[in-house]
Amino acid sequence: MLDARAQLASAEANFQELTLFDDQIEDEVIRTERARIARAKSGVDQREVALRQAEINLGRTSIGSPFSGRIANVRPIKVEVQVLEAEIGYLEEGRNAQVTFAAFPGEVFNGRVATINPVVERESRTARVTVLIPNPRGRILPGMYARVSVEARRFADRVIVPKSAVLERDRRTMLFVLDSEDGTTGLAKWNYVTTGLENDSLIELVGTSETPLLEPGQIVLVDGHYTLIHDATVRLATDLRGENGRPR
């Protein structure tokens with residue numbers, strides 16, 4: 001609208017320049033013809049039409065005022081997760097998922113895997129997984145930051161230890177096992193291990209002829225063991241013995 005008015009004003013100024021002193025011409029026919037030619041050259045006629053069209057368009061325009069609102073489909077709500085290409089094969093639709101939100105610290109929301117997009121993004125090497133979460137009170141809002149833990153494929157009869165127990169020395173993977181009669185004080189025995197599958201907190205131990213598996217009930221050290229040596233005397237900070245006196 002403002003642009004159309006500016007262009008018309010420029011054309012009118014050009015018209016005035018082309019017809020300067022024409023009022024001194026006594027022949028009215030000549031004055032009229034010069035004015036017609038000047039209007040055509042200056043573009044006044046076209047600019048007037050353009051301004052009129054802009055006014056019509058403005059009259060047909062509806063301008064709304066922004067207001068607070070909410071996406072209608074938030075019960076349940078969908079959470080999109082980017083999963084690494086190497087981990088997609090472990091997921092299945094219908095698996096359970098636990099979601100935490102920065103807006104609700106300490107609160108866990110349970111959901112399930114709704115869809116797994118089979119297309120892997122070339123740059124990030126991730127695929128999009130959609131998790132569906134019940135949202136009966138509408139507390140979870142679109143755009144909130146979420147952290148998602150998805151139940152992956154189950155592997156039965158595996159030996160697993162806390163990930164913090166596993167160390168690397170001399171380019172070999174190892175961990176310390178407590179050799180103790182009372183389950184609290186004893187010697188730290190290091191054991192070379194071969195690892196397999198892992199997640200954020202646990203890691204699988206794979207038995208080989210060189211690195212046999214640990215026995216169920218053995219206590220592995222998970223803290224304060226970075227500078228230990230073999231057969232170092234240690235005392236557990238927490239009593240790990242159960243009610244029957246055996247390690248748990």
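Counting begins at 1 with the first residue of the sequence. Just so it is clear, the model here is predicted, and its values are computed rather than measured. Both backbone and side-chain heavy atoms feed into the values below; hydrogens, waters and symmetry mates do not.
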State, yes or no, whether a side-chain contact exists between [X] and [Y] at a heavy-atom distance under 4.5 Å.
| X | Y | answer |
| --- | --- | --- |
| Asn191 | Lys189 | yes |
| Val220 | Leu214 | yes |
| Val166 | Thr173 | yes |
| Val113 | Glu92 | no |
| Thr194 | Leu205 | no |
| Leu175 | Val161 | yes |
| Val234 | Leu187 | no |
| Ile219 | Val177 | no |

Please, which pairs that meet side chain to side chain donor-acceptor pair (under 3.5 Å) have at least one residue in residues 111-122, sequence neighbours excluded?
Thr115-Thr130, Glu121-Ser124
Minimum heavy-atom separation for [X] to [Y], with atom names?
| X | Y | answer |
| --- | --- | --- |
| Ala127 | Val120 | CB-CG2, 4.4 Å |
| Phe176 | Ile229 | CE2-O, 3.8 Å |
| Val83 | Glu87 | CG1-CB, 4.0 Å |
| Ile160 | Glu204 | CG2-CA, 4.0 Å |
| Ala232 | Leu228 | CB-CD2, 4.1 Å |
| Leu132 | Lys78 | CD1-CG, 3.4 Å |

Considering residues, nucleotides and ligands other than Phe101, do more than 12 of their heavy atoms fall under 6.0 Å from its CZ?
yes
Any chance CD of Glu168 has more than 12 other-residue heavy atoms, nucleotides or ligands included, within less than 6.0 Å?
yes
List for me each residue that meets salt bridge (charged side-chain N to carboxylate O under 4.0 Å, His left out) alongside Asp223, sequence neighbours excluded, and say none if there are none.
none
In Å and rounded to the nearest 0.5 Å, what is the [atom1] to [atom2] distance from [X] to [Y]?
| X | Y | atom1 | atom2 | value |
| --- | --- | --- | --- | --- |
| Gln218 | Ser180 | CD | OG | 12.0 Å |
| Leu236 | Leu221 | CG | CG | 7.0 Å |
| Thr126 | Ile88 | OG1 | CD1 | 8.0 Å |
| Arg137 | Arg139 | CZ | CZ | 5.0 Å |
| Ile133 | Asn110 | CD1 | CG | 9.0 Å |
| Gln98 | Ser149 | CD | OG | 6.5 Å |

Would you find a donor on one side and an acceptor on the other, under 3.5 Å apart, between the side chain of [X] and the backbone of [Y]?
| X | Y | result |
| --- | --- | --- |
| Asn135 | Ile140 | yes |
| Asp27 | Val29 | yes |
| His230 | Trp190 | yes |
| Glu198 | Ile203 | no |

Under 3.5 Å, is there a donor-acceptor pair between the Arg147 and Thr100 side chains?
no
